[in-house]
Each structure stands twice: as C-alpha cells, then as structure tokens.
**Student:** 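Below is the structure I would like to discuss, written out as structure tokens.
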Amino acid sequence: MPEQTQKLIHFTDNVLKAASRESEELNRQLENREAAKLRAEAGREVSKHLMEGKRQVYLRRSQVAQEVLAQVRQRVDEFVASPAYPEHLKTLLARAMERLDGVDEIYLRLRPEDLELGPMLAESVAPVKVKYEEGRIQIGGLAVRCPQLGIRVDCSFDTELEELGGHFAETFGLSLSDD
C-alpha cells in the first residue's frame, strides 16, 4: 500500500502542478486581454479627444475666416459707395482692354447699381464699341466679354473676394491634416 500511496501522491502532485501551470497561463491570458482592452479603450479615448480638438480648431479657423472676409466685404462696400469707385472702374476696364488688344466691340457687365456708369466707362475706351448690360455681379467691379476673341475678363470684386477666401484658407492653413 505504501507504493500505491506514493503513486497517488505523485499523481496528485502532477495534477496540482498541471492545474497550477494552467491557472497561471489563464491568468496571463486574462491579464493580456485586459491590458489589450484597456489599451484599445485608451486609444479610442485619445482619438476622440484629438478629433474634438481638430473640430474646435476647424470651427475657430472658420470663424476667423468669416470674420476677416466680413471685414473685407464691409470695406469693399464702403469703397463702392465712395467717389473713387467710378475712377477705379475705369482703371479696371483699361486693364481688361489691355488683354483684348485690337477688338472693336465688347460687352461690359456691371452690377445693377453701376449701370448708370456705363456711358462714362464706354467713353473711356472709345473708339471700341461698348454694350453695357447687367451682370451677375453683386459686390462691385466689372466683367468684359469679347465675342470677337471668345474671351471673358472678370474684374469683379465678387470673384476677387472668392479668390481671397481661398487664398486666406491657404495662407493660414484652414485645412486640417495629420501632419
């Protein structure tokens, strides 16, 4: 019987050792899973905060861009109402005509409020025949269309302001990236 007791003790020891190893392995796996779960949760939390930060930066940059463009728009409105504006239109038309050298007829597009300046502007580019008409211009400036050359020259403040908005965004980095 002592031999069987010895075998039983040995068997029990082996079973206990195997159970202990298995228990330790299961604990390690559980800890690894818990650590992975915590890392994933922490990663999601960090990503959430980063995205919120980017969103706040984007909103603020958009707000600044709108404020700056509103100030520019206000100054343009003041200029368009000033006595210097008609002379500026003449200058814009002269610049446009430099691109249309040798033409004998153009269509001059103005905003509705500026149509009364049509005769004065037409006179400034004589002998070129000028037909002035209402254009889609809302802020100010002018656009010239030349059917003879198939060219349109846009000197409107509307287009300038639109381009300024794009330039502003480029210059001040209004796009978000991971760089």
Side-chain angles (χ1 to χ4, degrees), residues 2-82 84-85 88-89 91-92 95-96 98-99 109-114 134-146 150-179:
E3 190 179 307
Q4 281 193 355
T5 308
Q6 196 66 25
K7 285 182 181 179
L8 187 58
I9 291 172
H10 182 66
F11 175 74
T12 307
D13 280 347
N14 284 339
V15 169
L16 289 174
K17 284 180 185 176
S20 178
R21 282 192 303 269
E22 219 175 282
S23 175
E24 287 175 9
E25 179 60 28
L26 287 173
N27 281 336
R28 269 194 299 275
Q29 287 177 4
L30 187 58
E31 286 175 6
N32 287 342
R33 279 188 204 142
E34 285 297 315
K37 184 179 174 185
L38 289 173
R39 279 193 298 273
E41 284 178 24
R44 281 191 295 274
E45 201 59 33
V46 167
S47 291
K48 185 173 129 182
H49 286 293
L50 284 174
M51 289 307 292
E52 179 59 24
K54 284 183 177 184
R55 188 180 80 79
Q56 291 297 328
V57 167
Y58 173 78
L59 290 174
R60 181 61 185 136
R61 285 179 174 172
S62 294
Q63 182 183 11
V64 168
Q66 289 173 356
E67 289 170 4
V68 167
L69 291 176
Q71 289 176 3
V72 169
R73 176 68 192 259
Q74 180 183 352
R75 287 191 178 180
V76 168
D77 288 344
E78 290 169 3
F79 175 70
V80 167
S82 77
Y85 177 62
H88 185 69
L89 286 178
T91 304
L92 290 177
R95 283 189 205 146
E98 289 172 6
R99 297 181 189 171
R109 293 185 175 157
L110 302 165
R111 66 185 184 132
E113 300 88 341
D114 295 338
E134 185 177 319
R136 293 185 187 152
I137 300 169
Q138 296 177 358
I139 301 172
L142 54 86
V144 176
R145 186 173 59 90
C146 176
I151 295 176
R152 180 175 179 261
V153 181
D154 189 338
C155 300
S156 68
F157 295 165
D158 302 60
T159 301
E160 290 288 326
L161 191 59
E162 187 177 310
E163 288 175 5
L164 177 65
H167 179 68
F168 182 83
E170 241 178 64
T171 302
F172 295 103
L174 292 183
S175 64
L176 294 177
S177 68
D178 289 335
D179 297 342

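From a predicted model like this one, the values you see are computed outputs, not experimental measurements.
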**Student:** To the nearest 0.5 Å, how far apart are CZ in R21 and CD in E24?
**Tutor:** 9.0 Å
**Student:** Say you draw a straight line from CG of N32 to CG of N27; how long is it, rounded to the nearest 0.5 Å?
**Tutor:** 11.0 Å
**Student:** First locate atom NE2 of H10, then atom OG1 of T5, and finally report the distance between them rounded to the nearest 0.5 Å.
**Tutor:** 14.0 Å
**Student:** Rounded at 0.5 Å granularity, tell me how far CG in D114 sits from CD in E134.
**Tutor:** 10.5 Å
**Student:** Determine, step by step, whether L59 and Q63 satisfy the side chain to side chain contact (heavy atoms under 4.5 Å, CB included) criterion, reporting the C-alpha distance in whole Å, the side-chain angles of both residues, the deciding distance to 0.1 Å, and the verdict.
**Tutor:** CA-CA 6 Å; L59 290 174; Q63 182 183 11; over 6 Å; no
**Student:** Do E160 and I139 pass the side chain to side chain contact (heavy atoms under 4.5 Å, CB included) test, and can you show the C-alpha distance, the side-chain angles, and the key distance before you say yes or no?
**Tutor:** CA-CA 10 Å; E160 290 288 326; I139 301 172; over 6 Å; no
**Student:** Could you tell me whether D154 and R152 have a side-chain N and a carboxylate O separated by less than 4.0 Å?
**Tutor:** yes
**Student:** Check the pair V76 / L161 against side chain to side chain contact (heavy atoms under 4.5 Å, CB included), numbers first and verdict last.
**Tutor:** CA-CA 9 Å; V76 168; L161 191 59; 5.7 Å; no
**Student:** Tell me if a side-chain donor or acceptor on Y85 pairs with a main-chain N or O of G141 at a distance below 3.5 Å.
**Tutor:** yes
**Student:** Looking only at side-chain N and O atoms, does E67 offer a donor or acceptor that is under 3.5 Å from a partner on Q71?
**Tutor:** no
**Student:** Go through R28 and E25 one step at a time and tell me if the salt bridge (Lys or Arg N to Asp or Glu O under 4.0 Å) criterion holds.
**Tutor:** CA-CA 5 Å; R28 269 194 299 275; E25 179 60 28; 3.0 Å; yes
**Student:** Does R33 have any side chain to side chain contact (heavy atoms under 4.5 Å, CB included) partners at least two apart in sequence or in another chain, and if so, which?
**Tutor:** Q29
**Student:** Which distance, rounded to the nearest 0.5 Å, do you find between the CD1 of I137 and the CG of L142?
**Tutor:** 6.0 Å
**Student:** Enumerate donor-acceptor pairs with a distance under 3.5 Å from any side-chain N or O in residues 36-47 to protein atoms, sequence neighbours excluded.
**Tutor:**
unit_1	atom_1	unit_2	atom_2	d
E45	OE2	H49	NE2	3.3
S47	OG	G43	O	3.1

**Student:** Are E52 and R55 close enough for a salt bridge, meaning some N to O gap below 4.0 Å?
**Tutor:** yes
**Student:** Is it the case that more than 12 heavy atoms not belonging to E22 sit under 6.0 Å from its CD atom?
**Tutor:** no
**Student:** So F157 and F79, would you call those rings parallel, tilted or perpendicular, with 30° and 60° as cut-offs?
**Tutor:** tilted
**Student:** With the threshold set at 4.0 Å, does a side-chain nitrogen-carboxylate oxygen contact exist between E3 and K7?
**Tutor:** yes
**Student:** Is the number of heavy atoms from other residues, nucleotides or ligands under 6.0 Å of Q138 CD greater than 12?
**Tutor:** no
**Student:** Going through the checks in order, is the salt bridge (Lys or Arg N to Asp or Glu O under 4.0 Å) test met by K17 and D13?
**Tutor:** CA-CA 6 Å; K17 284 180 185 176; D13 280 347; 5.9 Å; no
**Student:** Rounded to the nearest 0.5 Å, what separates atom OG1 in T91 from atom CZ in R95?
**Tutor:** 6.5 Å
**Student:** Would you say the side chain of E162 lies within less than 4.5 Å of the side chain of D158, judging by non-hydrogen atoms?
**Tutor:** no
**Student:** Do R145 and R109 have side chains that approach each other closer than 4.5 Å (heavy atoms only, starting at C-beta)?
**Tutor:** yes
**Student:** Got a sec, which residues hit side chain to side chain contact (heavy atoms under 4.5 Å, CB included) with E31, two or more places apart in sequence or on another chain?
**Tutor:** none
**Student:** Are S156 and T159 close enough that a side-chain donor and a side-chain acceptor fall under 3.5 Å?
**Tutor:** yes
